[in-house]
Peer 1: 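Before we start, here is the structure in question, set down as structure tokens.
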Amino acid sequence: MLRLLHGYKAAPFLIRYISTKPIIRIPKSSIHPFGDPSNQRPILQNVDWTINEGEAWAVMSASSGDSGKSAIFQTLLGHLRILSNPKEPLQHGLYPFIGENIDPYSRVSAVSFSHRSNRGGAFYDYTARYGAIRDEDALTLRESMFPESILEDKPDPLAGSPFDKPKVKKRAFEDVVKLSDEDKALFDSLVKEMDLERLLDLPLIALSNGQTRRARIVRAVLARPEIILLDEPLTGLDVSSRPKLLNLLHKLHQTRKPRVVLGLRTQDDIPEWVTHVALVQDGTVKAGVKNDVVPFIKHNPSVLDVSGTGPIGGGAGSIVLDLRGVSVKYGDRIVLDNLSWQVRQGERWHLQGVNGSGKTTLMSLILGDHPQSYVQPHLLLPSPPVPAIPSKFVLNHRKRIPTAHLRQSIGVVSPELFDAFPRRHGPSGMSVWEAIGTGFEGVFVPLSGNGIGANLPEQKSLRDWREERMWDVLENLGPSAWKPSEYPREIAAEFAQKKFADLSVGEQRLVLLMRTLVGRPPLVLLDEVWSGMNEEMVNAAKKYLRERVGNDQAVVLITHWEDEVPWTQSEGLKTFRLEEGKGYLV
Ligand SMILES: Nc1ncnc2c1ncn2[C@@H]1O[C@H](COP(=O)(O)OP(=O)(O)OP(=O)(O)O)[C@@H](O)[C@H]1O
């Protein structure tokens, strides 16, 4: 579905000034991975693409895998090999406008928003931001914008007595960072337009997802590249930030400081100021004027038939989450202020709120990850009885539930979990089967050789149930759900053996959704669950949530896009909105 983004039309006078000076040029080439000596297996074929000065391009693909727009971006960053036709060689390089003695790749910046790399593939503790912030994490947003202010900062073990915690030796920002008037003006206008002014002196680690994403764009622009590649830049931004960002990108592009190339999914709206589209589909690229290319986008009609569906499962179930008078503050900064909220089995909730309104903080309390979860007056969470039978639970105060038990009764997908989940390549890396199986206990490494959890040898019925559940999510959320097949079990079995780390971003996100749903936890929290997924994957996941998640389960979905919610208000969807620290039923 196309969302309308008004007010960003390319002005006619601009189109007149579009020159034919090429900025990027790939003449009739195929794109290959480096290290493929035979050049037999191109990732993309017959790529014939030129970007001229003044044109505004979006690269679109239905797949977030290597054959989609990420392959184009990898090519533009020099990570893939361009093999051009010998009769029409790549003259003056990929970026003909950049002087011959300059490394062109040093003038191109890329920022991707559908995922971030996770530091070597091992799991890391993403809950650090909720607690007392360690000195080494205390880098402020302002400092992070100017790497020269931090390069020489080191823990100073000689400060104080040997028993003191080492302190980070701070250098006065003004002594280190000497900005020209022009740079200062750019910095001031960028942080103003991206609404980051009041966050500049906060530790970087404390910023919300949307705030961090806006900051990453500002930092990339401050590095003054010639071209900036922004992959899915609207991911996770609230409704009011999106037009501001698009407006800023439009302005930057017009002044060519820097030129902007956007990466979008085929289901995303194309900003009106974009003049040209490179559509990556089935291993080839169709590039041209927007209106000529857009009709070639293959849309998969939604498989959801919402007509005639009855109300969502009752709402008459037992309370599965009970919050009263819940508050979180950091120093003087109140993030959650006296919230009360009850969620019952069978209910479906949309949790709303602008960037920084406290949604992730609330989730972290419910997940028991937040240190302040222990001190809340009334924070009752589902706790599994022993031995774990997922649909059975009792309510208990967070401080009386071991965290390991909470992980069994609350399933979660979030940007933090996605970034932190281990992704080791090679033989020791987790298979898809093992990654999904960690969901039964909510852990991050497989607890047994068979990949379906710990301590089951004696409990045949539980073992059988878990295996059944594995196949249920694999068949209904795996490849045969997005590419219909006559052999769903075979396709699922093949997919289950793949290495998690080798999957595309969209596939990894789906596997983490399977991991969340496999154990049928009574409470499911889904935060930004669709980013990186293509249209077919989103449809399959929505269908699963509507049809296969039970009335004994409650689901809370966080998204800034109304059309990403699989249920409607008329079906009984409930909305809880965070605003200025307070929570409201909408
Ligand atoms: N340690 C901290 N110190 C000060 N402020 C903090 C700290 N941790 C979080 N905050 C602030 O708490 C607010 C809520 O952040 P949170 O991540 O919960 O927002 P969110 O609603 O999830 O936003 P988004 O939509 O961007 O994901 C933010 O303004 C953030 O800057």
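Throughout, numbering of the chain's residues begins at 1 and tracks the sequence. Source: prediction; values computed, not measured. We count ligands from 1, going down the list as the structure has it; atoms in each ligand are counted the same way.
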Peer 1: Any idea which part of V335 is under 4.0 Å from ligand 1, heavy-atom wise: side chain, backbone, both or neither?
Peer 2: side chain
Peer 1: Report yes if G210 has an N/O atom closer than 3.5 Å to an N/O atom of ligand 1; otherwise report no.
Peer 2: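 Yes, there is a polar N/O contact under 3.5 Å.
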Peer 1: Under 4.0 Å from a heavy atom of H560: which atoms of ligand 1 are those, numbered in the order shown and with their elements?
Peer 2: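 Answer for ligand 1: 25 (O).
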Peer 1: Side chains of K574 and V343: closer than 4.5 Å at any heavy-atom pair?
Peer 2: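 No, every pair of side-chain atoms sits at 4.5 Å or beyond.
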Peer 1: Among the heavy atoms of S357, does any lie under 4.0 Å from an atom of ligand 1?
Peer 2: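 Contact check S357 vs ligand 1: positive.
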Peer 1: So, for W530 and W561, is the gap between ring centers shorter than 6.0 Å?
Peer 2: no
Peer 1: Which is closest to atom 18 (O) of ligand 1 by heavy-atom distance: T361, L199, L141?
Peer 2: T361
Peer 1: What do you reckon, does G356 have a nitrogen or oxygen under 3.5 Å from a nitrogen or oxygen of ligand 1?
Peer 2: yes
Peer 1: Below a 4.0 angstrom heavy-atom separation, can you tell me which part of V354, side chain or backbone, both or neither, approaches ligand 1?
Peer 2: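 Backbone only.
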Peer 1: For the residue pair R423 and F500, would you count it as a cation-pi contact if the rule is NZ or CZ under 6.0 angstrom from the ring centre and within 45 degrees of the ring axis?
Peer 2: no
Peer 1: Could you check whether any side-chain N or O of T559 sits under 3.5 Å from a backbone N or O of E564, counting only pairs where one atom can act as donor and the other as acceptor?
Peer 2: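 Absent.
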Peer 1: Which heavy-atom pair separates E528 from T235 by the least distance, and what is that distance?
Peer 2: OE1-CG2, 4.1 Å
Peer 1: Once side-chain contact (heavy atoms from CB on, under 4.5 Å) is applied, do any residues pair with K329, and if so which ones, sequence neighbours excluded?
Peer 2: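 K329 satisfies side-chain contact (heavy atoms from CB on, under 4.5 Å) with I334 once adjacent residues are dropped.
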Peer 1: Is it true that R398 and T403 share a donor-acceptor pair across their side chains at a distance under 3.5 Å?
Peer 2: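 Yes, side-chain donor-acceptor contact under 3.5 Å.
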Peer 1: Considering only heavy atoms, does R333 approach ligand 1 within less than 4.0 Å through its side chain, its backbone, both, or neither?
Peer 2: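 Looking at R333 and ligand 1, just side chain atoms fall under 4.0 Å.
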Peer 1: Decide whether an N or O pair under 3.5 Å exists between L202 and ligand 1.
Peer 2: no
Peer 1: N/O of G358 under 3.5 Å from N/O of ligand 1, yes or no?
Peer 2: yes
